[in-house]
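Scroll down for the structure; my scribbles are underneath it.
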Amino acid sequence: MKIIVSLTDNRPEPWIEGLKAELPDAQIEPWQPGAAQADHAVVWVPPQQLLDEQPGLRGLFNIGAGVDALLKLKVPAHTRIVRLDDAGMSVQMAEYVCHTLIRHFREFDVYEADAREGRWSYRKPKLRRDFPVGIMGLGVLGERVAKAVAQFGFPVLGWSRSPKAIDGVKVFSGEAQFDEFLSSTRVLVNLLPLTEATRGILNRHTLGKLKPGGYLISIARGAHMVEDDLIPMLDAGQLAGATLDVFQVEPLPAEHPFWRHPKIVVTPHASARTLREESISQIAGKIRAMEQGLPVSGVVDPIRGY
Ligand code: NDP
Ligand code: OXD
């Protein structure tokens, strides 16, 4: 069995070493133009040339959860695209959202500013029931985040394409229930995949439906948000604040106004990093299963887009 590796922005060597340790009988190499046909490829945003030159790939393993960049390429219909399922990312997302939510709810940002001035002053306690948290996307990441937030006693709502039941979470589904989901939410967390149906879904119309004091946590993809809509809503007091991890252009240009806006916190696409060891072991397990004709989880439906 031959496996090729092509990871934009990542050194392939540690991945190749890790995969070799898991799959000692496989031939595993970095992809180069003109390489002989392989059975599987492990990739992050590979060049179209790789796919054109490798029509016999059975598995295309993405080293991330989101496959929006991969689906822009022409992938042969018989090649199965497989995403990472969790592999250590959902707990990171839960940490990120709980931290951001609690920092905002308890006004730790205000205490930090007070401390810098040597000011001893209490904030009036707020009620959790006034901070319903709505999570868009209840997949591998969204469900874990919803459960983590519920543990802190906040009312939790979720929105997905298909109906589902999650303990402690009020689930809305489909376009028909989107407005009701938004108008019941104060802190909005986006964990949708980027598809044609979700591009631009965070905009002045949708964000304008949140409860007063709305707060946005945007951690899936930059193209979910109409960026020009955000600052006017913050400046007009229609939103209380936003924590943003993903952007239309990454790295976020140094001159971008998001960096310096007092109601925006920026992080550099760091809410859930791919963990190499967990990811290698998951991908190797899926390759073994595929080779034995067994089912694998995380196979992407290219029509649905995730
Ligand atoms: P999943 O595919 O497991 O879950 C996607 C969820 O979104 C599902 O609940 C799905 O509904 C729902 N959904 C999809 N389309 C729609 C729609 N049109 N309307 C309503 N709901 C919809 O994805 P993950 O949870 O693993 O990851 C989510 C995204 O997070 C990734 O696609 C990626 O873009 C982003 N991400 C960002 C990272 C970062 O560091 N910032 C790191 C990792 C991921 P249903 O359940 O009905 O199918
Ligand atoms: C992912 C990401 O999709 O890192 O996994 O954004």
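One-based numbering, in listed order, for ligands and for the atoms of each. All values reported here derive from a predicted model rather than from experimental measurement.
Only the side chain of Met93 comes within 4.0 Å of ligand 1, counting heavy atoms alone; its backbone N, CA, C and O stay farther away. Here Met89 has side-chain heavy atoms under 4.0 Å from ligand 1, and that is the only part of it that gets that close. Within the 4.0 Å heavy-atom criterion, both parts of Pro193, backbone and side chain, lie near ligand 1. Neither the backbone nor the side chain of Arg273 comes within contact range of ligand 1; no heavy atom lies under 4.0 Å.
Looking only at heavy atoms of the protein, atom 46 (O) of ligand 1 is closest to Lys164 NZ, 2.5 Å. Distance from atom 1 (P) of ligand 1 to its nearest protein heavy atom, with residue and atom name: Arg83 NH1, 3.3 Å. Protein heavy atom in closest approach to atom 4 (O) of ligand 1: Gly139 CA, 3.2 Å. Protein heavy atom nearest atom 25 (O) of ligand 1, with residue, atom name and distance: Leu141 N, 2.9 Å. The single protein non-hydrogen atom nearest to atom 10 (C) of ligand 1 is Tyr306 OH, 3.5 Å, given as residue, atom name and distance. Here the heavy atom of the protein found nearest to atom 31 (C) of ligand 1 is Gly66 CA, 3.8 Å.
At least one N or O atom of Leu138 sits closer than 3.5 Å to an N or O atom of ligand 1. For ligand 1, none of its N or O atoms has an N or O atom of Ala270 under 3.5 Å away. Residue contacts with ligand 1: Thr198 is placed with no nitrogen or oxygen under 3.5 Å of a nitrogen or oxygen of the ligand (distance criterion only). Checked against a 3.5 angstrom limit, the closest N/O atoms of Ala272 and ligand 1 fall inside it. Backbone and side-chain nitrogen or oxygen atoms of Ser271 are examined, and one is located within less than 3.5 angstrom of a nitrogen or oxygen of ligand 1. Considering backbone and side-chain N/O of Val140, one or more are found under 3.5 Å from N/O of ligand 1.
Screening residues 268-279 for salt bridge (charged side-chain N to carboxylate O under 4.0 Å, His left out), with sequence neighbours left out, gives no hits.
The aromatic rings of His256 and Phe258 are tilted relative to each other, their planes meeting at an angle between 30° and 60°.
Considering CG of Leu191 and OG of Ser271, their distance stands at 7.5 Å, rounded to 0.5 Å.
Nearest to atom 36 (N) of ligand 1 by heavy atom, out of Arg144, Met136, Arg221, Gln92, is Arg221. Between atom 29 (C) of ligand 1 and the options Ile201, Leu194, Leu192, the minimum heavy-atom separation is to Leu192. The heavy atom nearest to atom 37 (C) of ligand 1, out of those in Asp301, Ile219, Asp245, is found in Ile219.
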Exercise for the section: Using the side chain to side chain contact (heavy atoms under 4.5 Å, CB included) rule, take Val140 and Arg83 through it: C-alpha gap first, then chi angles, then the decisive distance, then the call. Expected result: CA-CA 11 Å; Val140 175; Arg83 47 153 295 175; 3.6 Å; yes
Exercise for the section: Please assess Lys74 against Gln48 for the test side chain to side chain contact (heavy atoms under 4.5 Å, CB included), listing each intermediate value before the final yes or no. Expected result: CA-CA 7 Å; Lys74 250 179 104 220; Gln48 180 63 49; 3.5 Å; yes
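Residues that satisfy the side chain to side chain donor-acceptor pair (under 3.5 Å) test with Asn190, not counting sequence neighbours, are His224.
Residue Leu50 belongs to a hydrophobic cluster whose other members are Ile4, Trp31, Val43, Leu51, Leu57, Leu60, Val67, Leu70, Leu71, Leu73, Val75, Ile81, Val300, with links defined by side-chain heavy atoms closer than 4.5 Å.
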Could you tell me, for ligand 2, which of its N or O atoms are under 3.5 Å from any protein N or O, listing the pairs and their distances rounded to 0.1 Å?
unit_1	atom_1	unit_2	atom_2	d
ligand 2	3 (O)	Ala65	N	3.3
ligand 2	3 (O)	Gly66	N	2.7
ligand 2	3 (O)	Arg221	NH2	2.7
ligand 2	5 (O)	Ala65	N	2.7
ligand 2	6 (O)	Arg221	NH1	2.8
ligand 2	6 (O)	Arg221	NH2	3.4
ligand 2	6 (O)	His269	NE2	2.7

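With ligand atoms numbered from 1 in the order given, ligand 1 contributes 41 (N) to contacts under 4.0 Å with heavy atoms of Val246.
Between Phe105 and Phe154, the distance separating the two ring centers is shorter than 6.0 angstrom.
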